[in-house]
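Take a look at the structure set out below.
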Amino acid sequence: MKEGQTVDTEKAGWEPRIIAFLCNWCSYAGADLAGISRLQYPPNVRVIRVPCSGRVNPYFIIKSLQHGVDGVLVSGCHPGDCHYINGNLVARRRFAIFKSILEFMGVEKGRVQFSWISAAEGERFSQVIKEVTEEIKALGPGKRFVKEI
Amino acid sequence: MQENQKHLREAAEKLLSDKKVDVIIGYERGTLPLRTRPVFIREPDETKKLVWNSRCENNLSFYLKTAKGKVGIVAKGCDARSIVGLIKERQVKREDIFIIGVPCPGIIDRKKIEDTLEGRDLQEGVESDSQVILKGEGFEEKADKDKLLHSSCTTCTHRNPVLYDTLIGKEIPEPKMDEYSDVEEFSSKKDNERWTYFNDETSRCIRCYACRNACPSCYCPQCFVDQSLPTWFGRTPHPSDTLIFHMIRTLHTAGRCVDCGTCSRVCPMNVELQILNKKAEKDVKELYGYEVGTNLEELPPMATFKIDDPQEFIK
Ligand code: SF4
Ligand code: SF4
Ligand code: SF4
């Protein structure tokens, strides 16, 4: 692979594996709505339901990268909508610093993403998943932090 | 410096003989030339052991968590900021400590002295206001203190303790500078370069955890790397595990690290990750307007939030 080239063309046909941590009350319900409404979105995401975006410890994300997933999405309720009042607001600060440090250390922008999706936004859910999948596809396979033994 | 050392001893002696404190945590001469070590003084006549110079490198606030009774503590600018943090995080009570603040012109990096010596044996070191004289077999040379300062000290803008009960000597002027120019320069490098830098640095790490054990902010009874249920991250020196240890430690100390430089000074493998701590410090300042350890009122930034916190990074 040439320097600066992020996509390994030898691995054409490669599809990214993305883990999505969705909060129970908004984003997971948004995903449900997308399903019920028969909206299409890329099958690259594996959903893990969590009580709240505030439940998502940065460990979950970094551990996912260590295990070799190509991208991580964390999604919660819009500010003001959190079932636990402010879990998402605490999470927002935590993720801001986490993302900044991650990128400072050299992890590509876009490898780890965050979104707010409400229970009524089925359409938006499928849109976000499309965008995230496209962006991670463009980055190529995740290599940083992967623990190869 | 000599003046301040005299004042320090006098102040300490008075505190102990007036029974205002039970113990004083300060620095004494070390066994090697140009080294000091922490000392715990309980008797007034022992106060002559106390020293104050540019080699008083330990962040003594570290000892507050375990000290008993009323404790007097010698605090430089960064130590005082750590103390403020510990009070805010309810690790120590304000009324249990007596802070002997000392304005600090900067601490000498002993690794830089080692570099100057190039393997020669140092037998004696003498410090004046601006220079250090290094003596050994067949050599005697002078080095400018400015050039030997620890990197944390060259960008320090809090030389005077922010909180103290008594101040030794006079306040010194705070330098005006862009304290994060190194972070910006580093940020402008390519992803690959930055990734390589961190990989190179952490590849030397032997996971001795001295950096964590010496850090005043790392006081968790059980650190995440020691947890076994669940075992979050491997305790191996595998590059991925090591990088993650350092990354998560940076996250845990974000908004709490005062850039005292202790973690890099204690590292036996010269792993240099100060830039990571500084990046977190810069982030909390820019995003949340929080300057670590400068006042007792504001909540630590990662323990609170505002409804209108920046969120451009969220889709
Ligand atoms: S992380 Fe290092 S520089 Fe920051 S407070 Fe701890 S020991 Fe000091
Ligand atoms: S690295 Fe984190 S968990 Fe470990 S002692 Fe420091 S703050 Fe606590
Ligand atoms: S002190 Fe140095 S070698 Fe030890 S764990 Fe920290 S960085 Fe690694």
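Below, chains carry the letters A, B, ... as their sequence lines are ordered, and counting in each starts from 1.
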#### Entry: Side chain / backbone / both / neither for Phe224(B) at chain A, heavy atoms under 4.5 Å
both
### Message
Ring of Phe305(B), cation from Arg92(A) - is the NZ or CZ under 6.0 Å from the centre and inside 45° of the axis?
### Response
no
### Task
Identify which of Val132(A), Ile117(A), Asn86(A), Val107(A) forms the greatest number of heavy-atom pairs closer than 4.5 Å to chain B.
Asn86(A)
### Message
Does Arg93(A) form a side chain to side chain contact (heavy atoms under 4.5 Å, CB included) with Thr304(B)? I'd like the steps, not just the answer.
### Response
CA-CA 8 Å; Arg93(A) 282 205 171 185; Thr304(B) 182; 3.7 Å; yes
### Task
Measure distances from His252(B) to the heavy atoms of chain A and classify the residue's part below 4.5 Å as side chain, backbone, both or neither.
side chain
### Summary
Turns out that what part of Pro310(B) lies under 4.5 Å from chain A's heavy atoms comes down to backbone
### Message
Apply side chain to side chain contact (heavy atoms under 4.5 Å, CB included) to residues Asp191(B) and Arg144(A) and explain how you reach the verdict.
### Response
CA-CA 11 Å; Asp191(B) 283 1; Arg144(A) 308 216 151 144; 3.9 Å; yes
### Query
Checking Lys306(B) against chain A: side chain, backbone, both or neither under 4.5 Å from a heavy atom?
both
### Task
Would you indicate whether the side-chain heavy atoms of Lys147(A) and Thr236(B) approach each other to under 4.5 Å?
yes
### Query
So, do Leu251(B) and Arg94(A) sit near enough that their side-chain heavy atoms are less than 4.5 Å apart?
no
### Message
Angle between ring planes, Phe233(B) versus Tyr59(A), binned at 30° and 60°: parallel, tilted or perpendicular?
### Response
perpendicular
### Contacting region of Thr196(B) [heavy-atom separation from chain A under 4.5 Å]
neither
### Query
Yes or no on ring pair (Phe, Tyr, Trp, His ring centres under 6.0 Å) for Phe95(A) and Phe313(B), after CA distance, side-chain angles and deciding distance?
CA-CA 9 Å; Phe95(A) 296 147; Phe313(B) 69 98; 7.6 Å; no
### Query
Taking atom NE2 of His238(B) and atom CD of Gln66(A), what is their separation to the nearest 0.5 Å?
8.0 Å
### Ile307(B) portion near chain A, given a 4.5 angstrom heavy-atom threshold
both
### Message
Within a 6.0 Å radius of atom NZ on Lys109(A), are there more than 12 heavy atoms belonging to other residues, nucleotides or ligands?
### Response
no
#### Entry: Min side-chain heavy-atom separation Ile97(A)-Leu287(B) under 4.5 Å
yes
### Query
Distance from Phe98(A) atom CZ to Met302(B) atom CE, nearest 0.5 Å?
11.5 Å
### Query
Taking Thr250(B), Asp283(B), Ile244(B) one by one, which has the highest count of heavy-atom pairs under 4.5 Å against chain A?
Ile244(B)
### Task
Grab the two heavy atoms, one from Pro79(A) and one from Gln311(B), that are nearest each other, plus how far apart they are.
CG-OE1, 3.7 Å
### Task
Mind listing the closest non-hydrogen atom pair of Lys315(B) and Glu131(A) along with its distance?
NZ-OE1, 3.1 Å
### Residue Asp241(B) versus chain A: region with a heavy atom under 4.5 Å
both
### Query
Under 30°, 30 to 60°, or over 60°: which ring-plane class applies to Trp195(B) and Phe145(A), parallel, tilted or perpendicular?
perpendicular
### Summary
The interface call for Asp308(B) against chain A, heavy-atom contacts under 4.5 Å, is backbone
### Query
Can you say whether Ala280(B) sits under 4.5 Å from chain A via the side chain, the backbone, both, or neither, judging by heavy atoms?
both
### Message
Any non-hydrogen side-chain atom of Met247(B) less than 4.5 Å from a side-chain atom of Pro58(A)?
### Response
no
